[in-house]
*Asks:* 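Sharing a structure below in structure tokens format, with a few things to ask.
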Amino acid sequence: MIINVSTLLSEPLGSNRDYHPVGELVSVPDSGFERTVSADLHLIRSPRGVLVSARVDYDVDADCARCARPIALALVVSFDEEYVHVEDPGATARGRSVDADDFLIDEHRHLDLSEAVRQYEASALPLHPLCRPDCRGLCPTCGADLNEAECACRAGRIDERWGALGILAEQLRTTEDRHGSPEA
Ligand SMILES: [Zn+2]
């Protein structure tokens, strides 16, 4: 997602713009990172370049942490970053150096949000994505998807429980026989 900030750079500090790109490609080819996103962007002319406040929405492919089903995860990636205009003497004046991890405005006065989206995505991803909040996961014994049906080993466990109840019922019956029924 590349934005031409040529006009904004020629305006006074504090000048600003809002952009709402929809269905734009964000791409960092070196990292194999490619997303189609929509965004709310607020750009402000800052002393060193342009301050970007971004809220970026998109879906990523993930696997449910419980049942391993593939899911489309809706992400919101938010960040505030200053993009430094290295060709502006003001950006590097008064001892302010450009760090290796600074985001830069290129020589065409374009800024590219792709790398920032890639970096901030890591903190937006949930540790345990779920296909739905009450996903029942897989049976630890047989691996059956418990969202689909009870698996055979679960059913077996239920039978055992009924078995225990059966024994209890038998004991109660025996006790009753021994004491006989209460007189009417
Ligand atoms: Zn699931």
Side-chain angles (χ1 to χ4, degrees), residues 1-5 16-44 50-84 99-106 110-172:
M1 187 161 44
I2 292 164
I3 299 162
N4 186 335
V5 289
N16 57 81
R17 296 274 193 291
D18 287 320
Y19 296 101
H20 307 284
V22 175
E24 288 252 354
L25 187 69
V26 159
S27 164
V28 184
D30 289 350
S31 308
F33 182 81
E34 201 171 286
R35 306 280 187 257
T36 302
V37 309
S38 296
D40 292 318
L41 306 174
H42 186 60
L43 274 57
I44 307 171
V50 173
L51 187 68
V52 178
S53 294
R55 188 198 136 101
V56 187
D57 298 77
Y58 55 98
D59 288 350
V60 288
D61 295 330
D63 294 323
C64 175
R66 288 188 194 148
C67 71
R69 222 182 275 211
I71 48 176
L73 206 58
L75 282 191
V76 179
V77 174
S78 300
F79 59 88
D80 298 302
E81 283 290 347
E82 186 176 39
Y83 281 69
V84 181
D99 295 334
D101 57 355
D102 273 336
F103 292 108
L104 303 179
I105 296 169
D106 73 11
H110 290 169
L111 63 80
D112 186 352
L113 295 179
S114 303
E115 177 59 20
V117 174
R118 189 190 71 81
Q119 289 182 19
Y120 281 91
E121 181 183 289
S123 52
L125 284 171
L127 285 176
H128 301 288
L130 295 178
C131 61
R132 59 181 211 225
D134 61 344
C135 171
R136 301 179 67 196
L138 304 178
C139 171
T141 310
C142 73
D145 186 343
L146 299 176
N147 297 303
E148 303 286 346
E150 285 291 344
C151 62
C153 37
R154 286 263 163 145
R157 226 169 294 153
I158 287 166
D159 282 344
E160 275 165 37
R161 253 179 280 146
W162 281 116
L165 277 178
I167 292 165
L168 185 65
E170 185 61 35
Q171 284 170 348
L172 285 173

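Both ligands and their constituent atoms are indexed starting at 1 by order of listing.
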*Asks:* Quick one: list whatever passes salt bridge (Lys or Arg N to Asp or Glu O under 4.0 Å) with D57, sequence neighbours left out.
*Replies:*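 For D57, the residues satisfying salt bridge (Lys or Arg N to Asp or Glu O under 4.0 Å) (neighbours in sequence not counted) are R55.
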
*Asks:* For the Zn ion (ligand 1), check which protein N, O or S atoms are under 2.8 Å away and list them.
*Replies:*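 Correct list: C64 SG, C67 SG, C131 SG, C135 SG.
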
*Asks:* How would you list, by chain and number, every residue that makes a salt bridge (Lys or Arg N to Asp or Glu O under 4.0 Å) with E82, sequence neighbours excluded?
*Replies:*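 Checked E82 against salt bridge (Lys or Arg N to Asp or Glu O under 4.0 Å); zero matches.
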
*Asks:* Is D112 reaching over with its side chain to a backbone N or O of S114, donor-acceptor style, under 3.5 angstrom?
*Replies:*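 The answer is yes, because a donor-acceptor pair under 3.5 Å joins these two groups.
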
*Asks:* What pairs of residues pass the ring-ring contact (aromatic ring centres under 6.0 Å, His included) test when at least one of them lies in residues 62-84, not counting sequence neighbours?
*Replies:* F79-Y120, Y83-F103

*Asks:* Quick check for you: to the nearest 0.5 Å, what is the distance between E81 atom CD and Q119 atom CD?
*Replies:* 7.5 Å

*Asks:* Do other residues, nucleotides or ligands put more than 12 heavy atoms under 6.0 Å from the NE2 atom of H128?
*Replies:*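 Check fails, neighbour count at 12 or below.
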
